[in-house]
2 protein chains.
Amino acid sequence: MSEFKPLDPLLHSQLRLAVMSLLLSVEEAEFTFLKEKTESTAGNLSVQLDKLEKSGYIQIEKSFKGKRPLTTCKILPAGVKAFEEYVENLKNYIN
Amino acid sequence: MSEFKPLDPLLHSQLRLAVMSLLLSVEEAEFTFLKEKTESTAGNLSVQLDKLEKSGYIQIEKSFKGKRPLTTCKILPAGVKAFEEYVENLKNYIN
DNA sequence: TAAATAGGTTTATAATGTAAACCTATTTAT
DNA sequence: ATAAATAGGTTTACATTATAAACCTATTTA
């Protein structure tokens, strides 16, 4: 795909892309916030966040908000870079 | 996904998107041309073209070039529309 | 104290993408 | 004349992925 550079499969996914997009704008977000904004199921979101974390694109922190568990996500530099590259590559497909 | 409109799964695929992108610019293309441009395997391309045809996004014509089989593809109005919508929706994810 | 709610994770299933294997016919080499 | 390579694909098998259903633990409300 000379003019069609490969699209990072980790980002070429509707839900993961939406999550990354959100994380880019807010820089830190709770699980429930992401769930509402993306209108995804918790299970699906949980799985996709795991993948993004394992790839080093985001950081996940677990703590408590009062007595309730709280999962907070933050985009990492590698994630920002990957996202930017993805968008650059994508442009060759859609313009 | 209020602000994240669903991305047409038929277009949210690296190879199919590349094919549609090519067909938009040339308006008619041979199988081998698409194969070279996308650097895909024939098998993969064949399958993806089938899906695009069944969805009504492209038209596939089979004929002969000399004595050899020739498969020619052309984008259809529904394909153009779907592509444009896809790009519009995608923008909310990547800007 | 039973039932609902919050905040998730795990697991099972369905859908998808991909390449390998295959097929038919044609051309080239021996 | 026959074998091997090439052209132009299709079919099939497999691996990966996406997704929701089921589940879990704890908390709050009826």
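Side-chain atoms of R16(B) come within 3.5 Å of backbone atoms of P9(B) as a donor-acceptor pair (strictly under, hydrogens ignored). The closest donor-acceptor contact from the side chain of S55(A) to the backbone of L52(A) lies under 3.5 Å. Using a distance-only test at 3.5 Å, with no hydrogens or angles considered, no donor-acceptor pair links the side chain of S21(B) to the main chain of L17(B). Remark: the backbone N or O of A42(B) is not paired with any side-chain donor or acceptor of S46(B) at under 3.5 angstrom.
At a cut-off of 3.5 Å, with distance as the only test, a side-chain donor of N44(A) or Q48(A) sits close to an acceptor on the other residue. Between the side chains of S40(A) and K35(A), no donor-acceptor pair of N or O atoms lies under 3.5 Å.
Between the P atom of dT16(C) and the NE2 atom of H12(A) lies a distance of 13 Å, rounded to the nearest Å. Atom CG of L49(A) and atom P of dT10(C) are 13 Å apart (whole Å). Distance L52(A) CG to dA18(D) C1': 13 Å, rounded to the nearest Å. When the C1' atom of dT25(D) is taken as reference, atom CZ of F31(A) falls 15 Å away, rounded to whole Å. Whole-Å rounding puts the K35(A) NZ to dG7(C) P distance at 10 Å. Separating the CD atom of E53(A) from the C1' atom of dG8(C) is a distance of 14 Å, rounded to the nearest angstrom. Summarising the geometry, the separation between CG on L70(B) and P on dT24(C) is reported as 20 Å, rounded to the nearest angstrom. Taking atom CG of residue D50(A) and atom C1' of nucleotide dT17(D), one finds them 14 Å apart after rounding to whole Å.
Note on R16(A): a side-chain N or O is less than 4.0 Å away from OP1 or OP2 of dA18(D). In this model, the phosphate group of dG9(D) is not approached by any side-chain N or O of K65(B) to a distance below 4.0 Å at OP1 or OP2. OP1 or OP2 of dT10(D) lies within a sub-4.0 Å distance of a side-chain N or O belonging to K62(B). For K51(A) and dA18(D), the shortest distance from a side-chain N or O to OP1 or OP2 is below 4.0 Å.
Pairing analysis of DNA chain D (Watson-Crick: purine N1 to pyrimidine N3 plus N6-O4 or O6-N4; G-U wobble: N1-O2 and O6-N3; both under 3.5 Å) yields stems of 3 or more pairs at C:1-30 with D:1-30.
When heavy atoms are screened at a 4.0 angstrom cut-off, T41(B) is found touching base atoms of the nucleic acid. Within 4.0 Å of S46(A), counting heavy atoms only, lies at least one base atom of the nucleic acid.
When each of dT18(C), dG8(C), dT19(D) is scored by its nearest atom to the side-chain atoms of L15(B), the top-ranked nucleotide is dT18(C).
When each of K67(A) and N44(A) is assigned the nucleotide of DNA chain D bearing its nearest heavy atom, the one mapping closer to the 5' terminus is N44(A). Where R68(A) and V47(A) each meet DNA chain C at their nearest nucleotide, the meeting point lying more 5' is that of R68(A).
Ring geometry for H12(B) versus H12(A): interplanar angle under 30°, hence parallel rather than tilted (30 to 60°).
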